[in-house]
Undergrad: 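Pasting a structure here, questions to come.
The chains referred to below are lettered A, B, ... by the order of the sequence lines, with proteins before strands, and numbering in each begins at 1. Since the structure is predicted, the reported quantities are computational estimates derived from the model, not experimental observations.
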Amino acid sequence: MRKLFLILALFLVPVSALAVQPDEVLDDPVLEERARDISKLLRCVVCQSESIDDSNAAIARDLRLLVRERLVEGDTNQEAIDHIVERYGEYVLFLPPFNLANAMLWLAGPLFLLLGLMIAFFHVRSKTRATGNEQTPLSAEEREKLKSLTGG
Amino acid sequence: MIVELGHLCLILAFVVAIIQMVIPMIGAGKGWSDWMRIAVPAASIQFILTLFSFAALMYAFVISDFTVRLVAANSHSAKPMMYKIAGTWGNHEGSMLLWILILTLFGAMVAWWGKNLPPELKARVLSVQSSIAVAFFAFILFTSNPFDRLAMPPADGNDLNPLLQDPGLAFHPPFLYLGYVGLSMAYSFAIAALIEGRVDAAWARWVRPWTLLAWVFLTIGIALGSFWAYYELGWGGWWFWDPVENVSFMPWLLSAALLHSAIVVEKRNTLKSWTILLAILAFSFSLIGAFIVRSGIITSVHAFASDPERGVFLLWILGMFIGGSLLLYAHRASELQSSSVFSVVSRESGLVVNNVLLVVATLVVFVGTMWPLGAEVLTGRKMSVGAPFFNMAFPPLMILLVAILPLFAVLPWKRGNLGTAMRPLSGALALSMALGALAWALQSGKSMLAPLGIALAAWLVLGAASELATRSRLGKTDRNETLRRLANLPRSDWGKAIAHAGLGLTVFGISCITAWQAEDIRVAKAGESFSVSGYTLTLEAVEIGEGPNYSYETATIGLSQDGNRITTLNPEKRFYPVQRMPTTEAAIDRSLTRDVYVALGDAQGNDGWAVRTYIKPYANWIWIGALVMAFGGTISLTDRRYRVGAPNRKRPSANSAVAAE
């Protein structure tokens with residue numbers, strides 16, 4: 001692990017400041033905007049939780065240039081992303097695709113919400129039901145107190 | 001010598017903590033008051049010993065004693081004094097020591113101010129609190145001793161990570177730790193209550209202020225961190241969904257849930273076992289956070305200790321405190337009976353929905369954060385889950401929460417009617433929708449994000465305001481009567497309104513900056529002017545020089561609008577030679593309506609410089625909102641029922657006409 005950090009540190013040292021460099025920007029604003037959108041979805045592989053759009057690392061710059069190259073050659077966004085994933089692996093994808101293996105990741109929110117609201121609803125309704133007909137029995141403590149008050 | 005004394009104090013504190021863990025617990029079980037009473041002086045002694053130990057370490061940093069390994073590795077003689085002091089906790093060992101200092105401080109505070117607590121409860125709380133301290137003292141002493149000496153001390157130190165050499169970041173860890181560790185109080189009270197099998201309004205009145213305090217500190221800590229990232233990282237990002245941010249965010253969400261459910265326990269004597277579970281979960285997520293950050297299991301900028309031995313030790317602590325408490329919970333929770341009943345439409349139900357949404361939001365963040373780890377362990381796939389995922393999965397839950405918040409906040413306890421509750425809010429709702437529509441009309445066919453965000457933000461702020469207006473009978477009675485009623489409102493109601501409005505301000509800032517930010521990247525030559533969104537910037541000069549422990553390049557950029565000069569901006573690039581690390585010091589012209597944010601890049605060939613300019617509308621409201629939230633929490637903390645000696649079991653309601661919440 002430590003060795004890895006050293007290697008990473010070497011990557012990081014020579015470059016500085018600013019993510020997207022002026023010389024990378026495409027002349028066609030539509031293509032450039034698409035490139036920026038794609039860049040935000042791709043991870044800089046030597047950084048920590050930074051997209052290539054934000055990263056200063058040299059490799060992020062290479063990837064940004066590669067994305068732009070593909071777009072200029074006429075790739076769709078998805079084709080450009082697939083091309084990068086093919087080369088660098090699933091690891092570069094910040095937004096995992098919705099498939100069987102990732103189903104729980106994507107469904108966690110809706111499922112938990114549904115489950116939580118259902119449990120809450122049944123709990124609250126059971127509380128409501130108790131209003132009309134049942135009276136809460138005295139707790140042991142309250143019985144004790146009652147006893148002492150009534151002198152029994 | 002002082003360093004060795006610091007080490008000795010740490011060991012003594014460890015011993016005292018063991019005594020405080022064992023004796024009062026036995027005493028409480030057997031009803032021996034002498035044994036229970038030991039907890040109070042023990043908590044004070046433990047705190048004082050730890051304080052001295054921490055001061056000794058800070059002293060070593062201040063005098064740059066490079067015979068101490070930690071100082072040599074993390075400090076430098078040329079560093080400004082403020083960062084020498086901050087360097088004490090800018091590393092793994094020192095931050096652990098700060099963590100435990102705060103832990104013992106909270107224990108001591110219960111000992112000092114808990115005079116009204118029932119003696120058994122107090123003994124048990126202090127014992128549980130001390131058991132946490134025992135675990136962390138052992139962790140520090142056996143795996144992360146900050147007082148290690150070097151046989152061959154270097155001539156000068158290794159310096160603190162330059163990114164940390166900034167006031168915003170230097171002081172954000174103490175706030176976060178006050179928050180994380182503050183949740184240990186709720187945990188200790190929860191465990192003590194489980195052991196006693198008793199939770200009542202007085203218990204909730206004790207737990208809630210601690211939770212509130214922890215939440216206020218977490219709010220400030222997270223806001224400081226975000227504010228720092230905004231100006232330091234050079235492109236104005238303020239939240240990255242980085243694993244380390246997420247682990248601070250999860251306790252924040254859970255403590256927000258807890259401080260709401262504790263209200264239900266206090267006022268209505270129900271939701272007890274759920275509140276206990278939340279208290280356990282909130283501190284568990286603090287521990288999980290400590291584990292994730294320090295084990296290096298998920299690497300991140302913040303993960304300064306990547307050491308398997310420490311990771312395994314922390315995992316043991318984690319397993320014991322989370323597993324143990326959940327076992328105890330499973331065994332004892334059924335004994336906690338809730339007496340009161342409420343209808344589906346009631347304040348209680350509203351707070352239940354609030355809890356469901358906050359807990360589900362926490363789980364979503366948790367699943368997203370841990371997913372890559374799980375996938376790698378189970379299937380060997382290396383994958384990432386980053387900001388784009390969280391930006392899709394998290395906001396819907398918050399939108400839902402914010403949409404129902406103002407209405408549920410005014411529902412009466414026990415049984416309410418949505419129509420009746422909605423009536424005083426209809427003006428706020430109509431105005432919010434109008435503001436959203438206005439934003440949509442002004443922005444000329446972009447996304448729905450800003451209009452929706454602005455409508456929700458206005459709904460929160462106006463909803464809070466109209467609640468105050470209703471409570472003070474504004475317009476229904478004369479002005480003096482309204483003022484009198486406002487002044488007599490309980491502080492906790494003021495706190496509630498202020499904190500909810502603060503959330504609205506943050507939502508407003510986030511929506512505007514996300515939807516309407518403008519960006520410009522270019523190469524500018526000296527003397528060249530360019531315009532961005534109606535502002536004209538002129539690169540006047542670039543100066544190269546030397547700072548105290550870095551070299552710099554500083555640009556002078558004139559900022560003007562419609563021919564009037566607004567200000568001069570000096571974005572800077574620094575290079576710290578000791579750590580061979582560059583940093584960006586962006587120049588920001590701040591105002592309430594927009595920030596002009598300029599960062600300087602590398603020199604580009606023949607006297608050109610890369611310059612990156614952003615116009616960030618309403619950016620500062622993100623942090624103003626967070627401060628307002630923290631302020632609301634603080635106001636609520638000063639409510640009379642929480643003052644020292646608060647948990648008197650009954651209190652005559654003096655101003656019940658107004659206070660009947």
Side-chain angles (χ1 to χ4, degrees), chain A residues 1-2 4-5 8-9 12-25 36 40-41 43 45 47-51 53-54 56 89-96 101-102 104-106 108-113 115-117 119-121 123-125 127-131 134 136 139 141, chain B residues 233-235 237 240-243 270 296 299-301 303 306 337-344 348-349 352-353 355-357 359-360 363-364 367-368 371 375 379 381-389 392-394 396-397 521-523 573 575 580-582 584 599-602 604 610-612:
Chain A
M1 203 64 210
R2 208 149 266 171
L4 183 66
F5 268 120
L8 299 191
L12 293 170
V13 167
V15 277
S16 75
L18 294 203
V20 179
Q21 298 287 324
D23 59 351
E24 297 169 15
V25 177
R36 297 298 297 273
K40 292 191 173 97
L41 298 177
R43 179 185 198 135
V45 285
C47 316
Q48 290 119 352
S49 318
E50 265 186 316
S51 70
D53 195 50
D54 309 328
N56 307 322
E90 207 185 351
Y91 185 66
V92 296
L93 269 185
F94 255 148
L95 192 65
N102 293 329
M104 252 326 278
L105 173 69
W106 282 102
L111 278 184
F112 283 137
L113 184 63
L115 200 70
L117 288 178
I119 294 174
F121 179 74
H123 176 77
V124 170
R125 220 183 44 173
K127 292 253 158 201
T128 316
R129 285 244 175 92
T131 340
E134 280 168 60
T136 356
S139 69
E141 207 178 316
Chain B
L233 296 186
W235 54 278
F240 304 86
W241 296 105
D242 174 277
T270 185
T299 39
S300 150
V301 190
S306 305
Q337 286 185 351
S338 296
S339 52
S340 66
V341 291
F342 53 89
S343 126
V344 176
E348 289 93 325
S349 300
V352 168
V353 176
N355 273 218
V356 168
L357 287 170
V359 170
V360 170
L363 289 174
V364 166
V367 170
W371 192 261
T379 65
R381 288 154 59 216
K382 274 189 80 69
M383 57 178 297
S384 308
V385 176
F389 169 79
M392 285 169 85
F394 186 78
L397 293 164
I521 306 166
R522 66 173 64 233
V523 177
K573 243 167 50 131
F575 184 71
R580 300 190 27 79
M581 188 159 173
T584 326
L600 180 69
D602 293 327
Q604 307 273 329
V611 178
R612 211 169 177 186

Undergrad: Go through the structure and list residues passing ring-ring contact (aromatic ring centres under 6.0 Å, His included) with A/Phe112, not counting sequence neighbours.
TA: none
Undergrad: Applying side chain to side chain contact (heavy atoms under 4.5 Å, CB included), can you list everything that pairs with A/Leu41, at least two apart in sequence or on another chain?
TA: A/Ile81, A/Leu95, B/Pro388
Undergrad: Hey, is the main chain of A/Tyr91 close enough, under 3.5 Å, to the side chain of B/Ser384 for a donor-acceptor pair?
TA: yes
Undergrad: Under a 4.5 Å heavy-atom cut-off, does chain A meet the side chain of B/Arg522, its backbone, both or neither?
TA: backbone
Undergrad: Under 4.5 Å heavy-atom distance to chain A, tell me which part of B/Val352 shows up: side chain, backbone, both or neither.
TA: side chain
Undergrad: Tell me, for B/Glu348 versus chain A, whether the close heavy atoms (under 4.5 Å) come from the side chain, the backbone, both or neither.
TA: neither
Undergrad: Check this for me: does any side-chain nitrogen of one of B/Asp602 and B/Lys573 sit under 4.0 Å from a carboxylate oxygen of the other?
TA: yes
